[in-house]
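Along the sequence shown, residues are numbered consecutively beginning with 1. The figures here come from the full heavy-atom set of this structure, side chains too, leaving out hydrogens, waters and symmetry mates.
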Amino acid sequence: MWEAFYYTYARWKCFSPRIDDTKSRKRDGEIYIRRWVCNKEGFQKEEFLNMPYKKKRPKEITGCGCQAALRILWLQKTNLWRCQEFVPFHNHDFVIPSQMQFTRANCEVPEAVAA
């Protein structure tokens with residue numbers, strides 16, 4: 001439910017989300033914390049920016065330190081998920097609405113092509 005909410009919200013605001021963090025209990029493997037962030041969250045590591053011995057061209061720098069995120073927490077007592085953190089602010093330009101279909105989170109591959 002929360003994942004569908006955040007992906008719908010991201011499509012409406014014109015950005016692409018990704019899963020950042022998932023924590024699970026060691027005893028049963030049950031997930032109790034999930035966090036989604038904007039795909040422009042974070043920065044590229046300095047060691048990957050200057051690699052003269054690489055044969056491939058360097059990847060485009062996409063991270064700009066965006067703080068937009070949604071974190072949910074599983075409450076065992078009530079057996080419900082609760083929103084622990086919601087940051088709606090972005091520090092970058094959004095994707096043009098006509099280009100949203102090409103973002104990673106919104107690309108849908110037909111089953112016939114995937115198989």
Original post:
Where is the tightest heavy-atom contact between V87 and E85, given as atom of each residue plus distance?
Top reply: CG2-OE2, 3.8 Å
**OP:** Specify the closest pair of heavy atoms between A68 and H90, including all atoms of both residues, with the distance to one decimal.
**Re:** CB-CE1, 3.3 Å
So how far is it from [X] [atom1] to [Y] [atom2], rounded to the nearest 0.5 Å?
X	Y	atom1	atom2	value
I72	Q84	CD1	CD	10.0 Å
K23	D21	NZ	CG	5.0 Å
R25	Y32	CZ	OH	7.5 Å
L70	I19	CG	CD1	11.0 Å

Subject >> Working for side-chain contact (heavy atoms from CB on, under 4.5 Å), residues R18 and D20 >> reply: CA-CA 6 Å; R18 64 179 169 84; D20 178 50; 3.9 Å; yes
Same cluster for [X] and [Y] if Ile/Leu/Val/Met/Phe/Trp/Tyr side chains link at under 4.5 Å?
X	Y	result
V37	F15	no
F86	W36	yes
L73	F5	yes

Subject >> side chain to side chain contact (heavy atoms under 4.5 Å, CB included), paired with W81, selected from I31, L75, I33 >> reply: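 Of all the options given, the one that passes is I31.
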